[in-house]
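Residue numbers start from 1 in every chain, and the chains themselves are labelled A, B, ... in the order their sequence lines are given, proteins ahead of strands.
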Protein chains: 2
Amino acid sequence: MTQSLTIALAQQNFLVGDIAGNAELIVKMAREAQSKGAELIVFSELALTGYPPEDLLLRPSLQTRIEAALNGIKAASAEIAIAVGYPWREQGRLYNCAGFFADGEMLGQYAKQHLPNYQVFDEERYFAAGDQACVIDWRGTRIALTVCEDIWHEGPVAQSAELGAELVLNLNASPFHMGKQPERMGLLSNHAQNHNLSLLYVNQVGGQDELVFDGASFAVAANGEAVLQMPAYEEALGLVTFADGTLTAATDSVVAHNDELASLYQALVLGVRDYVNKNRFKGVILGLSGGIDSALTLAIAADALGAERVKAVMMPFAYTSDMSKEDAAEQAKRMGVNYQSISIEAMYREFMAGLATEFDGLPVDTTEENLQSRCRGVLLMAISNKTGYMVLTTGNKSEMAVGYATLYGDMAGGYGALKDVYKTKVFALAEYRNTIEAVIPQRVIDRPPSAELAPDQVDEDSLPAYPVLDAILERYIERDMSAEAIISAGFLRDDVMRVLRLVDVNEYKRRQAPIGVRVTQRGFGRDRRYPVTNGWKAGV
Amino acid sequence: MTQSLTIALAQQNFLVGDIAGNAELIVKMAREAQSKGAELIVFSELALTGYPPEDLLLRPSLQTRIEAALNGIKAASAEIAIAVGYPWREQGRLYNCAGFFADGEMLGQYAKQHLPNYQVFDEERYFAAGDQACVIDWRGTRIALTVCEDIWHEGPVAQSAELGAELVLNLNASPFHMGKQPERMGLLSNHAQNHNLSLLYVNQVGGQDELVFDGASFAVAANGEAVLQMPAYEEALGLVTFADGTLTAATDSVVAHNDELASLYQALVLGVRDYVNKNRFKGVILGLSGGIDSALTLAIAADALGAERVKAVMMPFAYTSDMSKEDAAEQAKRMGVNYQSISIEAMYREFMAGLATEFDGLPVDTTEENLQSRCRGVLLMAISNKTGYMVLTTGNKSEMAVGYATLYGDMAGGYGALKDVYKTKVFALAEYRNTIEAVIPQRVIDRPPSAELAPDQVDEDSLPAYPVLDAILERYIERDMSAEAIISAGFLRDDVMRVLRLVDVNEYKRRQAPIGVRVTQRGFGRDRRYPVTNGWKAGV
């Protein structure tokens, strides 16, 4: 007799730490899936806590809260089976578990075997590793549980296959970075073909501090083909049917990541939206300079929150060009955001007056540039404090890398949309956004970048051209190449040594930078843990 | 025949990342030890890289640099045997090793078996664990190598004993926290008595970002008694003689940690000194408010760097009392530091004028208080940028915990001396410092703490009394007690719920706070990794 099982893949946006709230969402989605004909619903890794819960996992009352939440899930499983991820303590050790609940009971519990402890991941700080597969025979189908990283290794799927699994559930919390989706797809396709089994890849969606989870859950049949692809960057419920060893989709597939720039842009939008909303800010405020970084940030903010929740402030000084003032006003008008202009001339003048004795006889240097930037930071923070709008910073990864930013000035704020986006990519994203609707005045994209902190200043006076700078940075930061290796790859020694030195000596600034969306394989956050006090010199 | 071996314990202050420089220091100290009659010198864990090297360990050229450094050490070992710690890559895995070099050769290499991956430690991010002891028979003595954490477990010493070790070298990078030295001593004494062997505990000394290593190396004889205690908080070379199974000191012992406050004070001084000097700042500047936090910070700074490298700035506003102005000037005079006063009235007025439209009709709130604080931050940073003096922040752990501090205001700066010191301890340290010499005017210690950001404001208007606040904080932060557990311990429900909520919602501020000296078992740094976006609510 042919067994047929309808399964829902639940791609949800959980709030880290809100165990009771997440449990409610799980039960609600289970009911919804049941109403659509599903007999089993699969959630993502650590769905009960959200991912990553970080040191909340060390709180002794975690287990009490998880037990309470699982009681609710067990009860709900009388109506529909539920596979869900949560932390579980047993004999003094904490495990990253996936549980299978049906008919009001727990039928199986799997402990994750491969704990990532690299890049942004610290799972060995919290968890002990499991050492065996978990295959459940339910309504005539042999279903295996696995968790995230397990699928990047041979063991857990092979173990499951040995125990006769026909269908492998893989519960994920897999953050987005550019180019990741084809990797995931290839991995699961290989597992399917190697072991002649079907796999469901369920990922959470949403922003959590520096991480963005793209969702993009999918299902792979035993022949290695993806039969269902769910959307990226939004909550979704997908349905598949597993009958007689064959997996078929029962809902429509979409193209999850249609092109790199579109996907990247959506990741930035989601990161900003979730940070602002989950932290309950009324909206965001940002300094609009007439330059491309703030222009793109404004577009992202308005797309994330709606124009009515975004305030833009132009804060001109003696070096601000008319072009900048015109373009800032023009963009704000095109996007329909609140716009005002507040000059920093008077504050700057009073600071310099107060400092006259201290600065007497000393030459003008970057101090005066930083002071302009800090007057702007103070203004934005004052409006933020008074209104409950969070300051969004506008700095990009190239600037964060070489320290081309002012602490407590343009670095003042709660979140950075472009923190992990190189300047060359900022240009590409601005062009991309304008293909949908020309919200950024073309002149902002075409003019040479300038911080406008000194007369006739342009960035390339003090830095290599951005295509060169970004190429050097990417090799040093993301590929860990040494100075000599980068020089051998065809870059000028002077450029390389200067850029690497700037990266090294500016760690102190990055340490105090706001969180920002991570979109590469090495962002400036949990990902890259460099000492500030550091005697390493660029070389071999 | 009686074998006799003279061994030096080298307690050095290494610079993280400066492999060539650290190797030079090792060779220099080896020569010095030899000139004092030593035949073997023992250095600390990862002495070649300094500890903790963090993600420098991921750089591919690490191995090349280590090999070059070890060549120099091998050569030097022709004259005196050297035991030293370094990272070593083998078959694609990195190990935290201790090597024993003598007669120009490596005679043995041990890989650390217990890798700490908790609190501030991330060793599983970098290292694979070793699985066997390493006992070297050298000049008739059986010497075992162990590394740091190994000694906190039974295995490695027991394995070494089984292989016949008489003398165990334990290479450490053990950061200070209050009350740690008796724990270390007890552990080693137990090992000695359980296995009838002698142990040498060699620790590095010095500050590295948030960590302070206290040194305080010591030697324990087979009867469990400490025969040598070396000083804390300074470089030192100790000598012991091992003859016929008996360990005796060949240099004088000191009292390493004579009392808790003295030890804590010295830890703070060393943390500040090393951060400033290793990062090559000319000196430090700080805002002297007339309050106790800045008073104690000034004392620490002057003790760390000398009065001539310290600048104090009083930045009065309408709410600054005459008492504050008088006491600040008086303390600066007593300590002989550069002192000036710059009013923030004019800058504050201009900011409010610029914000008049935005603020029209809105009530006065903490925005205006933050603005005062930020005017001060901008002034200090301007002087810092112009002079190369780093801004030292003055906030304490109680304030950092509840967010009683202004981002980009009093939180602006490079390093915080009191970041991990509760307010009640700040008072105790101020009293302690004054017992040596009355540098802090007594009135600063006696007056009720006030931020002086509003008329007649005192801290206890908006916070519980500090002894209560600190007791709640210590239970929540350092002991992970839940709200209900703290209430059960005898605190008012309202106080507890309010304080815990403040701790939770102010994570975003701490994330952008400067680094500061860690002196407890849970500082606000690498030690406590909480999400900013966090739905966890205080309760059970």
Looking at [options], which makes the most heavy-atom pairs under 4.5 Å with chain B?
options: A:M315, A:R280, A:K537, A:E484; answer: A:K537
options: A:T49, A:V313, A:L371, A:L355; answer: A:L355
options: A:M381, A:M481, A:M411; answer: A:M381
options: A:A485, A:A382, A:G354; answer: A:A382
options: A:D122, A:I383, A:I515, A:L407; answer: A:I383
options: A:S343, A:G207, A:P116, A:C375; answer: A:C375

Tell me which of these, [options], has more heavy-atom pairs under 4.5 Å with chain A than the rest.
options: B:D55, B:N385, B:T387, B:T366; result: B:D55
options: B:D274, B:N370, B:T64, B:I344; result: B:N370
options: B:L362, B:L379, B:T357; result: B:L379
options: B:R528, B:E124, B:Q119; result: B:E124
options: B:N279, B:D209, B:D18; result: B:D209
options: B:I19, B:N22, B:L57, B:D365; result: B:D365

Contact between [X] and [Y] at the side-chain level, heavy atoms closer than 4.5 Å - yes or no?
X: B:L56; Y: A:P531; answer: yes
X: B:F351; Y: A:M347; answer: yes
X: B:E358; Y: A:K311; answer: yes
X: A:Y415; Y: B:V532; answer: no
X: A:R125; Y: B:R529; answer: yes
X: A:Y530; Y: B:P53; answer: no
X: B:T533; Y: A:Y275; answer: yes
X: B:R522; Y: A:L58; answer: yes

Contact part of [X] toward chain B, heavy-atom cut-off under 4.5 Å: side chain, backbone, both or neither?
X: A:L115; result: neither
X: A:A20; result: neither
X: A:D527; result: backbone
X: A:Y118; result: backbone

A:V540 backbone acceptor or donor facing B:S61 side chain under 3.5 Å: yes
Tightest non-hydrogen contact, residues B:A346 and A:E350, listed as CB-OE1, 3.2 Å
Heavy-atom cut-off 4.5 Å, strictly under: side chain, backbone, both or neither for [X] against chain A?
X: B:A353; result: neither
X: B:L211; result: neither
X: B:I342; result: side chain
X: B:R510; result: neither

### Message
Surrounding CD of B:E67 (heavy atoms of other residues, nucleotides or ligands, distance under 6.0 Å), is the total greater than 12?
### Response
yes
Any ion pair linking [Y] and [X] (charged N to carboxylate O, less than 4.0 Å)?
X: B:R59; Y: A:D480; answer: yes
X: A:R511; Y: B:E210; answer: no
X: A:K386; Y: B:E368; answer: yes

Practice task
List the steps and the verdict of side-chain contact (heavy atoms from CB on, under 4.5 Å) for A:Y348 and B:V378.
Solution key: CA-CA 10 Å; A:Y348 178 88; B:V378 172; over 6 Å; no
Mind checking whether A:Y408 and B:Y408 have parallel, tilted or perpendicular rings, split at 30° and 60°?
tilted
